[in-house]
K.L.:
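Please see the structure below; I have some questions.
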Amino acid sequence: DELMRTVPYKMWVSYYLLLLSHQDVHPKTVLDVCCGTGTMCQMLEKEGFKMSGIDLSPGMIEAAVAKARRRKLDIHYEVADASTFSLHRKFDAALSFFDSLNNIVEPEKLQAAFHRVAAHLPPGGSWIFDLNTAYAFSASLFDQQDLRPNAKLQYLWEGDYDPATKIITVNMRFWRDDQEFHEIHRQRAYDEEEIREMLERAGFSTIRVFHSYTLNPPRHKSDRLHFTAIKA
């Protein structure tokens, strides 16, 4: 949460509402796939949706549950893998924001995730998500740092992109409270047509793609795309 404190969550929520309106879908129950610590879930709950969230990380879900409890929000969270989850109920809509799905680097697992989302939606259900593009990786947008002496969390990230595999490996070093720790994150870029085909195979239609945070078509230098689809 400290790392994400500058993220414009209010704008994300507004954009999600815009995309729902563009789809002419009016959900009551919404599933956040790869929900992290639940910030989007909390904000959408306050917008009047009944929210649930899943994430692969037990630590993320633990934080999400604690935050919801403090705010007295009735949000159901569960530790689950996006490519295999089964919640035994359906939702009117599902979303996944902030390139979470790029972390699924095996195409067959992303395809499985689309199938799992589809299984949790009724006909007419909305599926909205974003993905980083190959341009974002090749343009070194993952090379980031905040080494200010007064920063609560200092970090230095360096990305290594392999166009042949479409995978970027990001070496991340963090410093907090005089402690240093290191993580390696990997993301895969997916072509727009590749995603369209996966969505169609999973039973989605009315697939639209936007240059993120707009209703404009993708550009050559779009670093993030938002996809909207309807369960057929």
K.L.:
Test Phe114 against Phe129 for ring pair (Phe, Tyr, Trp, His ring centres under 6.0 Å), laying out the working first.
P.N.:
CA-CA 11 Å; Phe114 289 165; Phe129 60 94; 5.3 Å; yes
K.L.:
More than 12 heavy atoms of other residues, nucleotides or ligands under 6.0 Å from CG of Asn216: is that the case?
P.N.:
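Atom CG in Asn216 is packed in, count exceeds 12.
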K.L.:
Counting heavy atoms not belonging to Glu62, are there more than 12 under 6.0 Å from its CD?
P.N.:
no
K.L.:
If you draw a 6.0 Å radius around CG in Asp178, do more than 12 non-hydrogen atoms from other residues or ligands fall strictly inside?
P.N.:
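Not buried by this count: 12 neighbours or fewer within 6.0 Å.
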K.L.:
For Ser222 and Leu225, indicate whether the former's side chain and the latter's backbone hold a donor-acceptor pair under 3.5 Å.
P.N.:
no
K.L.:
Let me have the donor-acceptor pairs involving side chains of residues 1-9, under 3.5 Å, with sequence neighbours excluded, atom names and distances please.
P.N.:
| residue | atom | partner | partner atom | Å |
| --- | --- | --- | --- | --- |
| Asp1 | OD1 | Thr37 | OG1 | 2.7 |
| Asp1 | OD2 | Lys67 | NZ | 3.2 |
| Glu2 | OE2 | Arg5 | NE | 2.9 |

K.L.:
Sub-3.5 Å donor-acceptor pair from the side chain of Glu78 to the main-chain atoms of Ile54, do we have one?
P.N.:
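Side chain of Glu78 to backbone of Ile54: no pair is present.
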K.L.:
What pairs with Thr84 under side chain to side chain contact (heavy atoms under 4.5 Å, CB included), at least two apart in sequence or on another chain?
P.N.:
Asp81
K.L.:
Take Leu20 and His26, measure what side-chain contact (heavy atoms from CB on, under 4.5 Å) needs, and give me the verdict at the end.
P.N.:
CA-CA 7 Å; Leu20 284 176; His26 309 280; over 6 Å; no
K.L.:
Applying side-chain hydrogen bond (donor to acceptor under 3.5 Å, both in side chains), can you list everything that pairs with Lys46, at least two apart in sequence or on another chain?
P.N.:
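Counting only residues at least two positions away or on another chain, Lys46 forms no side-chain hydrogen bond (donor to acceptor under 3.5 Å, both in side chains).
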K.L.:
If the threshold is 4.0 Å, N to carboxylate O, is there a salt bridge linking Asp177 and Lys152?
P.N.:
no
K.L.:
Please list, chain by chain and in numerical order, all residues satisfying side chain to side chain contact (heavy atoms under 4.5 Å, CB included) with Ala119, sequence neighbours excluded.
P.N.:
Arg116
K.L.:
Can you name the residues that form a ring-ring contact (aromatic ring centres under 6.0 Å, His included) with Phe91, not counting sequence neighbours?
P.N.:
none
K.L.:
May I ask you to establish whether Arg176 and Phe174 are in a cation-pi arrangement, using a distance under 6.0 Å from NZ or CZ to the six-membered ring centre and at most 45° from the ring axis?
P.N.:
no
K.L.:
So does Asp92 pair up with Lys28, basic N to acidic O under 4.0 Å?
P.N.:
no
K.L.:
Just to verify, what does Glu200 make a salt bridge (Lys or Arg N to Asp or Glu O under 4.0 Å) with, not counting sequence neighbours?
P.N.:
none
K.L.:
Say whether Trp175 and Glu180, considering side chains only, have a donor N or O and an acceptor N or O under 3.5 Å apart.
P.N.:
yes
